[in-house]
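Step one of this worksheet: look at the structure below.
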Amino acid sequence: MFRRDVKPLDSVLARFLRDSGLETPLLQHRLLSSWGEVAGAAIARQTGQVFITNQTMMVKINSSALRAELMMMRSEFVRRLNGHVGAQVIADIRFF
């Protein structure tokens, strides 16, 4: 008789992504893609470049007044973005 070690597909895929070093880039891509949804349409229209470096999300904002307002809401955006992805991907967000 064969002994089968049956595992759910999601756990096998998660382990494969983790072992191959693709888990973090995938989570970062999901987080960057969700910026428009989390921030809202009005803020997304004023957004230029969005990228992640050293667990810090960098967001180019075209309006200086909006940039100042968003700086006061940094921790809220970090919490909502990480919650949307379901993992601790970023530790800080900077608007420039």
Side-chain angles (χ1 to χ4, degrees):
M1 278 195 215
F2 292 104
R3 180 171 180 231
R4 295 182 185 218
D5 188 18
V6 179
K7 296 180 182 175
L9 183 59
D10 62 342
S11 67
V12 172
L13 284 175
R15 183 175 176 103
F16 170 75
L17 289 173
R18 195 174 315 110
D19 290 347
S20 62
L22 296 173
E23 182 179 35
T24 300
L26 179 64
L27 290 173
Q28 288 178 348
H29 176 73
R30 286 182 186 166
L31 189 126
L32 292 174
S33 298
S34 68
W35 169 250
E37 183 179 337
V38 172
I43 295 173
R45 280 194 300 272
Q46 295 294 321
T47 300
Q49 290 179 307
V50 180
F51 59 94
I52 296 175
T53 180
N54 297 330
Q55 288 190 326
T56 302
M57 184 172 174
M58 308 294 283
V59 181
K60 171 78 171 138
I61 302 294
N62 299 328
S63 168
S64 60
L66 180 60
R67 185 180 319 122
E69 187 176 334
L70 293 177
M71 286 296 286
M72 294 184 279
M73 300 171 54
R74 278 188 350 201
S75 60
E76 177 66 21
F77 276 114
V78 169
R79 186 185 64 75
R80 288 174 53 195
L81 285 164
N82 283 331
H84 192 268
V85 175
Q88 180 71 28
V89 178
I90 59 172
D92 194 16
I93 187 167
R94 301 276 169 100
F95 300 101
F96 66 98

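Residue pairs meeting the ring pair (Phe, Tyr, Trp, His ring centres under 6.0 Å) criterion with at least one partner in residues 42-64, sequence neighbours excluded, do not occur; the list is empty. Within the structure, every pair that satisfies the side chain to side chain donor-acceptor pair (under 3.5 Å) test and touches residues 34-49, not counting sequence neighbours, is listed here: W35-T47, E37-H84.
More than 12 heavy atoms of other residues, nucleotides or ligands sit less than 6.0 Å from atom CG of N62.
Take T24 and apply the side-chain contact (heavy atoms from CB on, under 4.5 Å) test, not counting sequence neighbours, and it matches Q28. Applying the side-chain hydrogen bond (donor to acceptor under 3.5 Å, both in side chains) test to R80 and every residue at least two apart in sequence or in another chain returns nothing.
The nearest pair of heavy atoms linking L27 to A87 is CD1-CB, 3.9 Å. Between M57 and L32, the shortest heavy-atom contact is CE-CD2, 4.1 Å. Of all non-hydrogen atoms in A44 and G36, the two that sit nearest each other are CB-CA, 3.9 Å.
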Determine all donor-acceptor pairs shorter than 3.5 Å in which one atom belongs to a side chain in residues 67-78; sequence neighbours excluded.
{"from": "R67", "atom 1": "NE", "to": "F96", "atom 2": "O", "distance (Å)": "3.4"}
{"from": "R67", "atom 1": "NH2", "to": "I61", "atom 2": "O", "distance (Å)": "3.0"}
{"from": "E76", "atom 1": "OE1", "to": "R79", "atom 2": "NH2", "distance (Å)": "3.3"}
{"from": "E76", "atom 1": "OE2", "to": "R79", "atom 2": "NH2", "distance (Å)": "2.6"}

Donor-acceptor list for residues 6-20 side chains, cut-off 3.5 Å, not counting sequence neighbours:
{"from": "S11", "atom 1": "OG", "to": "P8", "atom 2": "O", "distance (Å)": "2.8"}
{"from": "S20", "atom 1": "OG", "to": "F16", "atom 2": "O", "distance (Å)": "2.8"}
{"from": "S20", "atom 1": "OG", "to": "L17", "atom 2": "O", "distance (Å)": "3.4"}

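No continuous path of hydrophobic side-chain contacts links F95 to M58 [ILVMFWY only; heavy atoms under 4.5 Å].
With a 4.5 Å cut-off on side-chain heavy atoms, I90 and I52 count as touching.
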